[in-house]
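Note that this is a predicted model, so its numbers are computed, not measured.
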Amino acid sequence: MPAVILGARDLTGCEHRLALDAAARTAGDGPAETESPDALRRIEAAQAHRAQVLQLLREAQDRLPTTLVDIDPSLPMERRAELTLTACADGADWILSAALPIDRVHGRRGHAEALIRHGQGYVPLIIVNHRVVNPAKADRDPAEPATLRTSPLDRWAPERDPARTNRPNRRDALRLAQLAAMLDGLGYAAAPDRADWVGGVIGVDADCILAVPLGAVMPEYEEALERRRAIAAGTIPTVPRRINECRSCDWWPRCKAELEAGDDVSLVVGGAGTAALAQMGITTVRQLADYRGDPPPEWPGYPSFTDAVVAASCRRAEVPLVRRLDRPTVQRADVEVDVDMESYGERGAYLWGTLLTDNAAPDRPSRYLPFVTWDPLPSSDEGRAFGRFWTWLMDSRRRAHEAGRTFAAYCYSEQAENRWLRASADRFGGIPGVPHRDEVEEFIASDDWVDIYQAVNTNFICPDGKGLKRIAPIAGFDWQDEQASGVASMEWYAAAVGLDGAPLDATQRERLLRYNEDDVQATKVLREWLSSERILRLPTVEDLLGAGTSLPSARPVG
């Protein structure tokens with residue numbers, strides 16, 4: 001096998017991307033840009049977060065009688081590795097910005113934000129820009145023993161932590177496994193038995209070190225390393241398939257052209273469905289569109305097989321939406337509030353935008369009201385903004401009910417809003433207006449909280465996706481800002497608050513508010529369109545597949 005050296009990033013994600021990257025390095029060519037704008041934003045945010053946490057670690061060690069070696073991260077990796085080995089040999093307690101020598105025998109490289117002296121060796125510590133723990137649920141049984149272990153930031157002393165729950169991350173675990181294996185090869189494993197190996201992760205909250213057991217991870221890591229090295233060496237062939245990762249991959253234009261040239265079925269079906277169809281010899285969109293038999297035995301439960309066949313037919317007929325029902329329906333109310341939340345990665349939700357519509361006063365325009373903090377996240381002012389939003393929303397609901405009127409609050413894809421509703425209640429309890437978690441759960445479960453995304457999914461088959469920015473234009477809505485997108489809003493936010501030392505541009509605040517207002521307006525336009533006669537212009541499933549056509553809906557096997 002040719003010499004192949006893999007970093008932790010190469011162990012996860014698209015295998016075809018890895019093969020293309022490896023071939024491009026060998027040939028000396030590749031995409032015009034090495035990272036998409038979204039990837040660059042995430043990289044810059046992660047770098048800024050790591051720098052902040054490393055400073056916290058330095059300050060913590062300055063107060064303790066420990067030996068700290070602080071390696072300059074701007075040095076070449078080879079020099080950093082030399083300094084790291086010297087610090088290990090000297091028995092330094094903490095080594096910041098550590099790098100390990102390339103392991104050419106096993107084909108791996110790695111660096112850690114810190115190595116912490118433990119036993120006869122070192123525990124690898126990484127710093128990541130996402131959450132690694134959640135607050136434990138309020139109704140957790142105190143008699144139930146905690147399995148999660150965390151340590152304070154200033155020392156390695158993991159103990160059971162009943163106040164938190166784990167958020168497992170495969171990429172983090174595999175990176176730590178690679179570092180632990182490399183340390184073992186250098187004679188610096190923290191424990192002689194790999195079943196006892198452990199790594200540390202500091203997440204975006206930077207309030208503890210999560211201890212990650214690595215013993216059970218090592219077999220998966222070794223299998224992944226072996227397979228990925230073979231892919232990079234070209235001994236295991238790969239082919240393009242459309243997956244979620246494609247949206248941020250620089251190879252996508254090339255892969256898309258290949259998929260479209262071959263009419264590849266992954267253009268309309270996800271990875272598990274593509275594999276199930278291949279077992280039946282169905283590899284193209286046309287084959288799937290023409291198929292009228294039973295689902296493949298291994299067909300996944302979502303989407304239904306009928307949806308997949310219809311999506312293929314839509315693509316062939318260039319139809320954007322198909323009605324599942326003769327008469328689509330959506331819940332309406334006397335008082336309606338459209339809600340859209342804006343967050344910045346894992347740092348928090350800085351804006352809750354609302355659009356109030358009183359259907360008893362049709363001449364009165366809907367009113368946009370934002371609840372926002374411009375304090376750079378994370379910030380306790382996020383909790384105050386959320387408290388004001390919640391108080392206003394619940395007051396609007398109460399007044400409607402007391403007047404004998406119906407009330408509904410709408411969002412588009414409740415997963416994001418529900419996540420931050422719950423997280424805000426958990427994180428900011430005690431701030432005026434912030435509800436108890438039980439109040440949030442009651443509202444989420446009530447008929448007063450309506451997900452328009454779910455209404456779209458119930459009423460339509462959407463071959464090109466169900467995102468708001470894909471569906472709302474079909475209903476006649478366009479965003480004012482031509483650059484409007486979730487990715488762009490991240491860049492606008494960083495400038496709006498001067499995040500992590502970025503140049504402050506307060507004009508971006510108005511841009512974000514316009515973007516958010518457009519999102520709630522789009523939700524309103526979409527739900528009104530769903531309950532209008534215009535919706536009947538779209539074809540039904542029967543129109544597309546032919547009268548009397550019936551396909552069984554697939555169920556998960558087993």
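- Asp395 CG: more than 12 foreign heavy atoms inside a 6.0 Å radius.
- Using modelled atom types and a 3.5 Å distance limit, the side chains of Ser380 and Arg384 yield a donor-acceptor pair.
- With contacts defined as side-chain heavy-atom distances shorter than 4.5 Å, the pair Ile535/Phe460 qualifies.
- With hydrogens and angles ignored, the 3.5 Å screen pairs a side-chain donor or acceptor of Thr274 with a backbone N or O of Val269.
- Contact of the Ser396 side chain with the Val335 side chain is not registered, since no non-hydrogen atoms from C-beta on lie closer than 4.5 Å.
- Rounding to the nearest 0.5 Å gives a distance of 8.0 Å between CG of Leu393 and OG1 of Thr354.
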Q: Applying side-chain contact (heavy atoms from CB on, under 4.5 Å), run through Glu417 and Tyr412 and close with a yes or a no.
A: CA-CA 9 Å; Glu417 271 74 16; Tyr412 199 83; over 6 Å; no

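- Considering OG1 of Thr306 and CD1 of Ile461, their distance stands at 7.0 Å, rounded to 0.5 Å.
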Q. Taking it one step at a time, do Asp505 and Thr507 satisfy side chain to side chain donor-acceptor pair (under 3.5 Å)?
A. CA-CA 5 Å; Asp505 181 0; Thr507 64; 2.5 Å; yes

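- Distance alone, capped at 3.5 Å, places no donor-acceptor pair between the Asn129 side chain and the Val204 backbone.
- A salt bridge links Arg437 with Asp426; the closest basic N to acidic carboxylate O contact falls under 4.0 Å.
- Taking the six-membered ring where the residue is Trp, Phe371 and Trp392 present tilted rings, their angle falling between 30° and 60°.
- Distance CD1/Ile282 to CZ/Arg286: 14.0 Å, rounded to 0.5 Å.
- Salt bridge Arg422/Glu441: present, at least one basic N to carboxylate O contact under 4.0 Å.
- Of all non-hydrogen atoms in Ser424 and Val434, the two that sit nearest each other are O-CG1, 3.9 Å.
- If you check the side chains of Asn134 and Thr165, you find no donor sitting under 3.5 Å from an acceptor.
- Applying the ring pair (Phe, Tyr, Trp, His ring centres under 6.0 Å) test to Trp252 and every residue at least two apart in sequence or in another chain returns nothing.
- The shortest distance between side-chain heavy atoms of Pro370 and Trp352 does not fall below 4.5 Å.
- Remark: the backbone N or O of Ala136 is not paired with any side-chain donor or acceptor of Arg164 at under 3.5 angstrom.
- A tilted orientation is assigned to the rings of Trp374 and Tyr350, their planes being inclined by 30° to 60°.
- Under 3.5 Å, the side chains of Thr12 and Arg171 contain a donor-acceptor pair of N or O atoms.
- Between the side chains of Asn516 and Asp340, a donor-acceptor pair is found at a separation under 3.5 Å.
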Q: Start with the C-alpha gap between Arg241 and Glu258, add the side-chain angles, then the distance that decides, and say whether salt bridge (Lys or Arg N to Asp or Glu O under 4.0 Å) holds.
A: CA-CA 10 Å; Arg241 287 286 183 269; Glu258 292 183 29; over 6 Å; no

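- Looking at Pro296 and Phe305, their side chains come closer than 4.5 Å, going by heavy atoms from C-beta outward.
- Formation of a donor-acceptor pair under 3.5 Å by the Asp358 side chain with backbone atoms of Arg364 is not found in this model.
- No donor-acceptor pair under 3.5 Å is formed between the side chain of Gln52 and the backbone N or O of His49.
- A salt bridge is defined here as a Lys NZ or Arg NE, NH1 or NH2 lying under 4.0 Å from an Asp or Glu carboxylate O, and Glu510 with Arg514 fails to meet this definition.
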**Q.** Evaluation steps, salt bridge (Lys or Arg N to Asp or Glu O under 4.0 Å), between Glu414 and Arg419
**A.** CA-CA 8 Å; Glu414 67 180 0; Arg419 173 194 170 190; over 6 Å; no

Q: Evaluate the criterion side-chain contact (heavy atoms from CB on, under 4.5 Å) for residue pair Asn169 and Val132; output intermediate values, then yes/no.
A: CA-CA 8 Å; Asn169 185 289; Val132 298; over 6 Å; no

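- A salt bridge links Asp338 with Arg527; the closest basic N to acidic carboxylate O contact falls under 4.0 Å.
- Taking the side chain as every heavy atom from C-beta outward, Arg327 and Leu325 never approach each other to under 4.5 Å.
- Atoms SG and CD, from Cys255 and Glu245 in turn, are 10.5 Å apart once rounded to the nearest 0.5 Å.
- Residues Arg324 and Thr458 bring no donor and acceptor atom of their side chains to less than 3.5 Å of each other.
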Q | From CA spacing to verdict: salt bridge (Lys or Arg N to Asp or Glu O under 4.0 Å), Lys469, Asp519 | A | CA-CA 9 Å; Lys469 290 180 179 61; Asp519 277 355; 3.5 Å; yes

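- One finds no salt bridge joining Asp264 and Arg242 here, because no Lys/Arg side-chain nitrogen approaches an Asp/Glu carboxylate oxygen to under 4.0 Å.
- Residues Val212 and Val217 fail the side-chain proximity criterion, which asks for heavy atoms closer than 4.5 Å.
- The backbone N or O of Ala276 sits nowhere less than 3.5 Å from a side-chain atom of Glu298 that would complete a donor-acceptor pair.
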Q.
Val128 vs Asp172, test: side-chain contact (heavy atoms from CB on, under 4.5 Å). Steps then yes/no.
A. CA-CA 8 Å; Val128 297; Asp172 294 347; 3.6 Å; yes

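- With respect to Glu402, the salt bridge (Lys or Arg N to Asp or Glu O under 4.0 Å) criterion is satisfied by exactly one of Arg399, Arg405, Arg398: Arg398.
- Note on Glu442 versus Arg397: salt bridge recorded, some NZ/NE/NH1/NH2 to OD/OE distance being below 4.0 Å.
- A distance of 5.5 Å separates CG of Asn166 from CG of Leu148, quoted to the nearest 0.5 Å.
- Using a 4.5 Å cut-off on side-chain heavy atoms (C-beta onward), Ile474 and Trp529 make contact.
- A donor atom on one side chain and an acceptor atom on the other are not found under 3.5 Å apart for Gln331 and Asp447.
- Of the possible donor and acceptor atoms, one in the side chain of Arg347 sits under 3.5 Å from a partner among the backbone N and O of Leu377.
- Annotation: side-chain hydrogen bond (donor to acceptor under 3.5 Å, both in side chains) contacts of Glu528 (sequence neighbours excluded): Lys524.
- Asp518 places no side-chain N or O within donor-acceptor distance of the main-chain N or O of Tyr515, the cut-off being under 3.5 Å.
- In this pair, Phe443 and Trp449 present their aromatic rings tilted. The plane angle is within the 30 to 60° band.
- Donor-acceptor pairing under 3.5 Å is recorded for the side chains of Tyr410 and Glu336.
- Not one N or O on the side chain of Asp464 forms a donor-acceptor pair closer than 3.5 Å with the backbone of Pro320.
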Q: Start with the C-alpha gap between Arg511 and Asp481, add the side-chain angles, then the distance that decides, and say whether side-chain contact (heavy atoms from CB on, under 4.5 Å) holds.
A: CA-CA 8 Å; Arg511 192 177 194 180; Asp481 196 317; 2.6 Å; yes

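- Classification of the Phe389-Phe386 ring pair by plane angle, with boundaries at 30° and 60°, yields tilted.
- Separation of atoms CG (Leu421) and SG (Cys411) is listed at 8.5 Å; rounding is to 0.5 Å.
- Arg131 contributes no side-chain N or O that, together with a main-chain N or O of Arg167, makes up a donor-acceptor pair within less than 3.5 Å.
- Note on Arg17 versus Asp250: no salt bridge recorded, every NZ/NE/NH1/NH2 to OD/OE distance being 4.0 Å or above.
- Using modelled atom types and a 3.5 Å distance limit, the side chains of Ser379 and Asp381 yield no donor-acceptor pair.
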